S.K.: 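First the structure, which I've put down as structure tokens, then a few questions once you've had a look.
Values in this document were obtained by computation on a predicted structure and should not be read as measured data. The basis for the numbers below is simple: all heavy atoms, side chains too, and nothing from hydrogens, waters or symmetry mates. We name chains A, B, ... by the order of the sequence lines, and we start the count at 1 in each one.
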Amino acid sequence: MTDSIQKVRTRFAPSPTGDLHPGSARTALFNWLFARHHGGEYLLRIEDTDRKRSTPEALDTILNGLSWLGIEHDGSIISQFKQADRHREIAQKLLDEGKAYYCYSSPEDLQKMRDLAKIKGHPISYDNHWRNRDSSEAPHGQKPTVRLKSQQKGITTLVDLVQGHVEIKNAQLDDMILLRSDGTPTYMLAVVVDDHDMNITHVIRGDDHLTNTFRQLQIYKALGWKTPQFAHIPLIHGPDGTKFSKRHGSTSVGGYANMGIMPKAMTNYLLRLGWSHGDDEIISTNQAIEWFNINSIGKSPARFDIVKLLSLNSHYIREASSIELVQAIKPILEKKHKKSLSEKDIDTLIKGMTGLKDRAKTLLDLAENAWFYVAPLPLWYDEKAQKFLQKESIESLKIFILYLSENNILWSHDSLLAAARIFVEKNNIKMRYFSQTLRAALTGSTVSPSIFEVMEVLGKELSLQRFNLENIPA
RNA sequence: GUCCCUAUCGUCUAGCGGCCUAGGAUAUCGCCCUUUCACGGCGAAGACACGGGUUCGACUCCCGUUGGGGAUACCA
């Protein structure tokens, strides 16, 4: 069979009319993974035939989203709009062969037909008025659309790679419009022609296209073209099971990036939403390419669960290198606190990451938690921290610092910890309390990584600066 | 209205007729670890929507019901 030796070619075909929706991102991911898995090609086509709704900004957003996710397309981006002449040529061919016809019904007529069909319980709305009528009967001034003369009898069967056998009676399908009255092609015509011309072998797309596929199959048939294989993946729903909309949180990939989600976490999450590989949860991109198959795509829709995304995100934060993380939080910090970070700051942050990584769910958290390391003095002390900085405890701080210098304690986590243990024992203070005092003085907060690690990261000089009483409003 | 798809713990899912007293992840709760908060470790609770078949045997196959989603545009 030639099928088996044909190179896999998939495509992602977004319309540039809005953000990159997580569902679309997943569709792109699946197409990409499938192509990579088979050593094939993954193409990007922009469905911009709707000139009114397509915008360059939306295109930018989509492209940015895809590259953030690391989904790189092969070849150059194809604009569907630019293929319009080709689409018209095909429509003309169908016209010439008597497989399509001019329809002079006005939008108002059509609306009436739809209303009527609904009342009568008819499956299709267009009444085929112009199917067998000559253009000479056309009303003056009405520009015609071109409609496909669809099969009216029999059934059309689709063997979908995800949904399995699906059948529909041809009587359910109406004569769809191929060319609008202004001569522009509709989506139905355009997809078929483009997928054919691009030699697409596998069309992986959202479930919402499943019934459309039967219409498209009619066009393939009329043209005598070989059809690609179809895989209709279920849609992603909102947390409450209804359509995933803005009230559920961000519906754009960019929104999650801004929230401090790492691209690896996002792709891992999206991958596991509807696809599985046994009990595996943490899946790297390479592993995904190796394992990905259409067979393991689930048939039912999944709900978008931000909590699980967050847990995956904290995993990838923990796994990331300190340098990578600091690079990621640097712009966040600089923007929020309007301070440009020095090389020394960056250095401190990198050292501090070890203890910070485990404590963040997002890069935003991470940045926030890291801020105290590089914040200008005097520090800002939160309410809880201030409670630990009363007269008595400050006194014990002073004594501790003296103790450290008298005993020439090495400024490292381990020896500072050991020293503190001896110190609290000697002075009959609770370690619980004392460590919080240290923390409050050093970080301005009651929550931080191990305070002795903080001291080590800060270094002796910076730590002592922070212990300086003038810097602590008691 | 008509047509199509779908249905396992709260959520994501494993399961492709006996391995299931249904497994994992996440969330929740408890215990441990502990200088705070996390991380981590251990444990608990938690699901086959319902009703009919088919079968020696159904979570798994078939048919209904119900719930959810989609399509029905001169949008894509």
Side-chain angles (χ1 to χ4, degrees), chain A residues 13-17 47-50 52-54 80 103 105-107 110-111 114 117-125 143-147 160 162-164 166-169 171-174 176-182 184 186-188 190-191 206-215 232 234-235 237 239 241-243 269 272-282 295 298-305 307-312 314 318 355-361 369 384 388 417 420-421 424 430-440 443 445-452:
Chain A
S15 55
T17 53
E47 312 234 310
D48 49 0
T49 50
D50 186 344
K52 289 183 203 105
R53 297 200 301 147
S54 300
Q80 188 159 63
C103 166
S105 299
S106 68
L110 260 22
Q111 189 53 50
R114 257 194 297 279
K118 212 159 197 178
I119 293 167
K120 286 191 161 181
H122 285 173
I124 56 176
S125 59
K143 292 229 166 129
T145 57
V146 173
R147 284 185 187 265
D160 191 90
V162 172
Q163 306 293 347
V166 186
E167 281 183 355
I168 205 165
K169 292 186 190 68
Q172 292 289 334
L173 271 19
D174 60 0
M176 84 205 85
I177 293 177
L178 267 17
L179 248 37
R180 302 186 185 94
S181 52
D182 65 0
T184 57
T186 60
Y187 163 77
M188 289 295 173
V191 241
D207 220 349
D208 49 339
H209 289 282
L210 185 60
T211 40
N212 283 333
T213 307
F214 292 92
R215 293 167 201 287
H232 287 94
L235 267 19
H237 289 172
T242 60
K243 193 176 157 71
Y269 178 69
R272 281 288 290 103
L273 214 53
W275 179 85
S276 60
H277 183 269
D279 285 340
D280 294 301
E281 297 286 347
I282 303 293
N295 229 349
K299 298 171 87 175
S300 56
R303 300 182 186 198
F304 195 90
D305 182 13
V307 179
K308 185 133 183 187
L309 208 208
L310 251 21
S311 95
L312 238 19
S314 66
R318 252 175 280 144
L356 256 13
K357 279 177 192 176
D358 291 347
R359 296 170 162 77
K361 286 221 183 289
N369 297 344
K384 284 179 185 168
F388 282 98
L417 171 60
R421 287 217 162 111
V424 295
K430 283 235 182 331
M431 184 60 152
R432 238 166 222 289
Y433 189 81
F434 184 62
S435 65
Q436 284 300 68
T437 306
L438 285 172
R439 195 172 338 263
T443 72
S445 154
T446 51
V447 176
S448 85
S450 159
I451 196 57
F452 304 106

S.K.: For the side chain of A:Lys299, starting at C-beta, report the closest nucleotide among B:G70, B:U6, B:A27.
M.R.: B:U6
S.K.: Just by distance, do the side chain of A:Tyr269 and the backbone of A:Leu310 share a donor-acceptor pair under 3.5 Å?
M.R.: no
S.K.: Can you tell me how far P in B:C59 sits from the matching atom in B:U21, rounded to whole Å?
M.R.: 10 Å
S.K.: Mind checking the P distance from B:C31 to B:G68? Whole angstroms is fine.
M.R.: 40 Å
S.K.: Counting the atoms with a prime plus P, OP1 and OP2 as sugar-phosphate, which does A:Ser314 contact under 4.0 Å by heavy atoms, base, sugar-phosphate, or nothing?
M.R.: nothing
S.K.: Looking at CG of A:Leu312 and CD of A:Glu281, how far apart are the two atoms once the value is rounded to the nearest 0.5 Å?
M.R.: 8.0 Å
S.K.: Please work out if A:Asp208 contacts a base, only the sugar-phosphate, or nothing of the nucleic acid, heavy-atom cut-off 4.0 Å.
M.R.: sugar-phosphate
S.K.: Hey, which sits more toward the 5' end of RNA chain B by its nearest nucleotide, A:Lys120 or A:Asp182?
M.R.: A:Lys120
S.K.: When you measure from the side chain of A:Thr145, which nucleotide among B:C74, B:U6, B:A76 comes out closest?
M.R.: B:C74
S.K.: Short question: side chain of A:Thr443, backbone of A:Ala440 - any donor-acceptor pair under 3.5 Å?
M.R.: no
S.K.: Working to the nearest 0.5 Å, report the span between NE2 of A:His237 and CG of A:Leu273.
M.R.: 10.5 Å
S.K.: Could you please name the partner base of B:U28, counting Watson-Crick and G-U wobble pairs only when both distances are under 3.5 Å?
M.R.: B:A44
S.K.: In whole angstrom, give the distance that lies between atom CG of A:Leu312 and atom P of B:A27.
M.R.: 10 Å
S.K.: So that I can tick it off, tell me whether A:Arg215 and A:Asp174 are bridged by a salt bridge, with the cut-off set at under 4.0 angstrom between side-chain N and carboxylate O.
M.R.: yes
S.K.: Could you check whether A:Ser105 gets within reach of a base, just the sugar-phosphate, or nothing at all, counting any heavy atom under 4.0 Å?
M.R.: base
S.K.: A:Ile168 has an atom CD1; how far is it from atom C1' of B:G70, in whole Å?
M.R.: 12 Å
S.K.: Roughly how far apart, to the nearest Å, are B:A14 and B:U8 at atom C1'?
M.R.: 10 Å
S.K.: What is the distance, rounded to the nearest whole Å, between atom NZ of A:Lys118 and atom P of B:G1?
M.R.: 9 Å
S.K.: Is A:Thr186 close enough to B:A73 that one of its side-chain N or O atoms is under 4.0 Å from OP1 or OP2 there?
M.R.: no
S.K.: Counting N and O atoms only, with roles assigned by atom type, does the side chain of A:Thr186 sit under 3.5 Å from a partner on the main chain of A:Ile177, one being a donor and the other an acceptor?
M.R.: yes
S.K.: Contact class for A:Thr17 vs. all strands (heavy atom < 4.0 Å): base, sugar-phosphate, or nothing?
M.R.: nothing
S.K.: At less than 4.0 Å, is any side-chain N or O atom of A:Gln172 found next to OP1 or OP2 of B:C4? Yes or no.
M.R.: no
S.K.: Could you tell me whether A:Thr49 contacts a base, only the sugar-phosphate backbone, or nothing, with contacts defined as non-hydrogen atoms closer than 4.0 Å?
M.R.: sugar-phosphate
S.K.: Once you apply the 3.5 Å cut-off to both distances, tell me the Watson-Crick or G-U wobble partner of B:A58, or none.
M.R.: none
S.K.: Looking at every heavy atom in both A:Leu110 and A:Ser105, which two are closest together, and how far apart are they?
M.R.: CD1-CB, 3.6 Å
S.K.: Tell me which nucleotide, if any, is Watson-Crick or G-U wobble paired with B:C9 when both distances must be under 3.5 Å.
M.R.: none
S.K.: When both hydrogen-bonding distances must be under 3.5 Å and the geometry is Watson-Crick or G-U wobble, what is B:U72 paired with, if anything?
M.R.: B:G1
S.K.: What integer distance in Å separates A:Leu235:CG from B:G68:C1'?
M.R.: 12 Å
S.K.: Which heavy atom of A:Pro449 sits nearest to which heavy atom of A:Leu356, and what is that distance?
M.R.: CG-CD1, 3.2 Å
S.K.: Output a table of nitrogen or oxygen pairs between the protein and nucleotides 10-13 of chain B separated by less than 3.5 Å.
M.R.:
from: B:C12; atom 1: OP1; to: A:Arg303; atom 2: N; distance (Å): 3.0
from: B:C12; atom 1: O2'; to: A:Arg272; atom 2: O; distance (Å): 3.1
from: B:C12; atom 1: O2; to: A:Lys308; atom 2: NZ; distance (Å): 3.3
from: B:U13; atom 1: OP1; to: A:Gly274; atom 2: N; distance (Å): 2.6
from: B:U13; atom 1: O3'; to: A:Ser276; atom 2: OG; distance (Å): 3.3

S.K.: Using both distances under 3.5 Å as the test, list the Watson-Crick or G-U wobble partner of B:A49, or none.
M.R.: B:U65
S.K.: Could you tell me how far apart A:Met176 (CE) and B:U72 (P) are, to the nearest whole angstrom?
M.R.: 12 Å
S.K.: Using the P atom as the point on both nucleotides, what is the distance between B:C50 and B:A22, in whole Å?
M.R.: 16 Å
S.K.: Tell me what A:His237 touches on the nucleic acid: a base, only sugar-phosphate, or nothing, going by heavy atoms under 4.0 Å.
M.R.: sugar-phosphate
S.K.: Using the P atom as the point on both nucleotides, what is the distance between B:U55 and B:A45, in whole Å?
M.R.: 38 Å
S.K.: Rounded off to whole Å, could you give me the NE2-to-P distance for the A:His232 and B:U6 pair?
M.R.: 13 Å
S.K.: Classify A:Leu110 by what it touches in the nucleic acid, base, sugar-phosphate, or nothing, heavy-atom distance under 4.0 Å.
M.R.: base
S.K.: How far, in whole Å, is B:U11 from B:C42 if one measures between their P atoms?
M.R.: 26 Å
S.K.: Aromatic contact between A:Phe214 and A:His209, with the criterion being ring centroids under 6.0 Å apart: yes or no?
M.R.: no
S.K.: Considering only the P atoms, how many Å lie between B:G41 and B:U60, rounded to the nearest integer?
M.R.: 35 Å
S.K.: What's the verdict on side chain to side chain donor-acceptor pair (under 3.5 Å) for A:His232 and A:Thr213, showing C-alpha distance, side-chain angles and the deciding distance?
M.R.: CA-CA 10 Å; A:His232 287 94; A:Thr213 307; 3.0 Å; yes
S.K.: Name the pairing partner of B:C39, where a pair is Watson-Crick or G-U wobble with both distances under 3.5 Å, or state none.
M.R.: none
S.K.: Could you give the CZ-to-C1' distance, from A:Phe214 to B:C5, as a whole number of Å?
M.R.: 10 Å
S.K.: Please tabulate, one pair per line, each protein N/O and nucleotide N/O from nucleotides 31-42 of chain B that are separated by under 3.5 Å, including the distance.
M.R.:
from: B:U35; atom 1: OP1; to: A:Arg421; atom 2: NH2; distance (Å): 2.8
from: B:U35; atom 1: O2'; to: A:Ser435; atom 2: OG; distance (Å): 2.5
from: B:U35; atom 1: O2; to: A:Arg439; atom 2: NH2; distance (Å): 2.7
from: B:U35; atom 1: N3; to: A:Ser450; atom 2: OG; distance (Å): 3.3
from: B:U35; atom 1: O4; to: A:Ser450; atom 2: OG; distance (Å): 2.5
from: B:U36; atom 1: OP1; to: A:Arg432; atom 2: NH1; distance (Å): 3.3
from: B:U36; atom 1: O4'; to: A:Gln436; atom 2: OE1; distance (Å): 3.3
from: B:U36; atom 1: O2'; to: A:Thr446; atom 2: O; distance (Å): 3.3
from: B:U36; atom 1: N1; to: A:Arg439; atom 2: NH2; distance (Å): 3.2
from: B:U36; atom 1: O2; to: A:Thr446; atom 2: O; distance (Å): 3.2
from: B:U36; atom 1: O2; to: A:Ser448; atom 2: N; distance (Å): 3.1
from: B:U36; atom 1: O2; to: A:Ser448; atom 2: O; distance (Å): 3.4
from: B:U36; atom 1: N3; to: A:Arg439; atom 2: NH1; distance (Å): 3.1
from: B:U36; atom 1: N3; to: A:Ser448; atom 2: O; distance (Å): 2.5
from: B:U36; atom 1: O4; to: A:Arg359; atom 2: NH2; distance (Å): 3.3
from: B:U36; atom 1: O4; to: A:Ser448; atom 2: O; distance (Å): 3.2
from: B:U36; atom 1: O4; to: A:Ser450; atom 2: N; distance (Å): 3.1
from: B:C37; atom 1: O2; to: A:Arg359; atom 2: NE; distance (Å): 2.7
from: B:C37; atom 1: N3; to: A:Arg359; atom 2: NE; distance (Å): 3.0
from: B:C37; atom 1: N3; to: A:Arg359; atom 2: NH2; distance (Å): 2.7
from: B:C37; atom 1: N4; to: A:Arg359; atom 2: NH2; distance (Å): 3.1
from: B:A38; atom 1: O2'; to: A:Asp358; atom 2: O; distance (Å): 2.7
from: B:G40; atom 1: OP1; to: A:Arg318; atom 2: NH1; distance (Å): 3.3

S.K.: Suppose we define a pair by two distances each less than 3.5 Å, Watson-Crick or G-U wobble; what does B:U34 pair with here?
M.R.: none
S.K.: Rounding to the closest angstrom, what is the interatomic distance between B:G70 and B:G23 at atom C1'?
M.R.: 32 Å
S.K.: Counting only heavy atoms from other residues, nucleotides and ligands, does the tally under 6.0 Å from CZ of A:Arg318 exceed 12?
M.R.: yes
S.K.: Under 4.0 Å, heavy atoms only, any strand: does A:Met188 hit a base, just the sugar-phosphate, or nothing?
M.R.: base
S.K.: Evaluate whether the aromatic ring of A:His209 and the six-membered ring of the B:A76 base sit under 5.5 Å apart, centre to centre, with an inclination under 30°.
M.R.: yes
